[in-house]
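Worksheet for the structure shown next.
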Number of protein chains: 2
Amino acid sequence: MDSSPKQRTTRQRTAILAALGHESDFRSAQQLHEQMRASGESVGLATVYRNLQSLAESGQVDVLVTDEGESIYRQCEDDTHHHHLVCRVCGRTVEFQAPEMEEWTRRIASQHGFADVHHTMEIFGLCPDHADQAS
Amino acid sequence: MDSSPKQRTTRQRTAILAALGHESDFRSAQQLHEQMRASGESVGLATVYRNLQSLAESGQVDVLVTDEGESIYRQCEDDTHHHHLVCRVCGRTVEFQAPEMEEWTRRIASQHGFADVHHTMEIFGLCPDHADQAS
DNA sequence: ATTGCTGCAAAACATTTGCACGTAC
DNA sequence: GTACGTGCAAATGTTTTGCAGCAAT
């Protein structure tokens, strides 16, 4: 029941958060790791995984699972419940909230007697800059 | 541009479709494979994967990706666009449609200039029979 | 007869873990 | 000083693939 496990401020953890930065796109652990190495950071891949995992648990980053089953991460601007609109080509992401939808979800669930529900909902599409790109 | 690739009617393919049956729950390729072996069917795991994949492509079965990145499959009753309400404990599934939500999705997307969008949305919860089960 | 399917085992992947060592506290 | 974090390599688990033989058309 301890909701604040002590997390140490290590060089690697800091670097990972910095690398996530405020880019508005989702990246996989592997991409992030590569990106960090490219910019001279020395970090182990396992460490990137471990940190992303703990950061996700503590709600500091957002996780999405792609259709291929790969987990992708992003530092979120908003710490409340929200969804994403992601560009299939460049990864550009827009966060949005959908109170009506939350409401809707709860209604559907209780209609069928389901309790303690949570939902996933993400939108993928082509952003203005890539609107003409083939699917 | 050929949207009807010739699929042969093999014993295995038929068996897989039969095994998927009309159960109202999602199963992974591995589970399905095990289930088939248990009931005496002789099928290779790779074949199960290959068939599920092609069946999913041709829209004959539904695919969902779990939080752990595992793909789970189900034969759908409804061949139009729909979503699922899945029990976290027993896998029991209810299909539902959400026209208002489709509408909503399109609106959000075009508001941000996104085109050619598709979305994912699934609800997970506890069905009436498992409402008291801990998360 | 063709050409696609199957089975098996090996390969490819992303992710996790064991363990000795380093380091934040 | 102690407990947690890190790095590496090995292990895990799922899905894919190469290839020789089998079967549907």
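Letters go in sequence order (proteins before strands), and every chain restarts at 1.
Within the 3.5 Å criterion, the main-chain N or O of Arg27(A) finds no donor-acceptor partner in the side chain of Arg74(A). Side-chain N or O atoms of Glu122(A) include one that pairs as donor or acceptor with a backbone N or O of His84(A) at under 3.5 Å. Panel note: side chain Ser110(B), backbone Gly113(B); no donor-acceptor pair is recorded below 3.5 Å. Thr14(B) contributes a side-chain N or O that, together with a main-chain N or O of Thr10(B), makes up a donor-acceptor pair within less than 3.5 Å.
The residue among Glu70(B) and Arg37(A) whose nearest nucleotide of DNA chain D lies closer to the 5′ end is Arg37(A).
A close approach under 4.0 Å does not occur between any side-chain nitrogen or oxygen of Thr47(B) and OP1 or OP2 of dC5(C).
Atom CD of Gln30(B) and atom C1' of dT14(D) are 6 Å apart (whole Å). Taking atom CZ of Arg27(A) as the reference point, atom P of dT15(C) lies 15 Å away to the nearest angstrom. Rounding to whole angstrom units, CD of residue Gln31(B) and P of dG13(D) are separated by 15 Å. One atom, CD of Glu34(B), and another, C1' of dT14(D), lie 14 Å apart when rounded to the nearest Å. Regarding Leu32(B), its CG atom lies at a distance of 14 Å from the P atom of dT14(D), rounded to whole Å. Atom CG of Asn51(B) is separated from atom C1' of dG7(C) by 13 Å (rounded to the nearest Å). What separates CD of Glu68(B) from P of dT15(D) is a distance of 11 Å, to the nearest Å. Gln12(A) places its CD atom 17 Å from the P atom of dC4(D), with the value rounded to the nearest Å.
In Glu34(A), the CD atom is not crowded: 12 or fewer heavy atoms of neighbouring residues, nucleotides or ligands sit closer than 6.0 Å.
No option in Glu102(B), Gln97(B), Glu95(B) other than Glu102(B) meets the side-chain hydrogen bond (donor to acceptor under 3.5 Å, both in side chains) test with His83(B).
In this structure, Trp104(B) and Phe96(A) have tilted ring planes: the angle between them lies in the 30° to 60° band.
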Protein-to-nucleotide contact annotation, 5' to 3' order, nucleotides 16-25 of chain D [B base; S sugar-phosphate only; - none; under 4.0 Å, heavy atom]: BBB----BBS
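Here Ser28(A) lies out of heavy-atom contact (under 4.0 Å) with every strand. Within 4.0 Å of Thr66(A), counting heavy atoms only, lies no atom of the nucleic acid at all.
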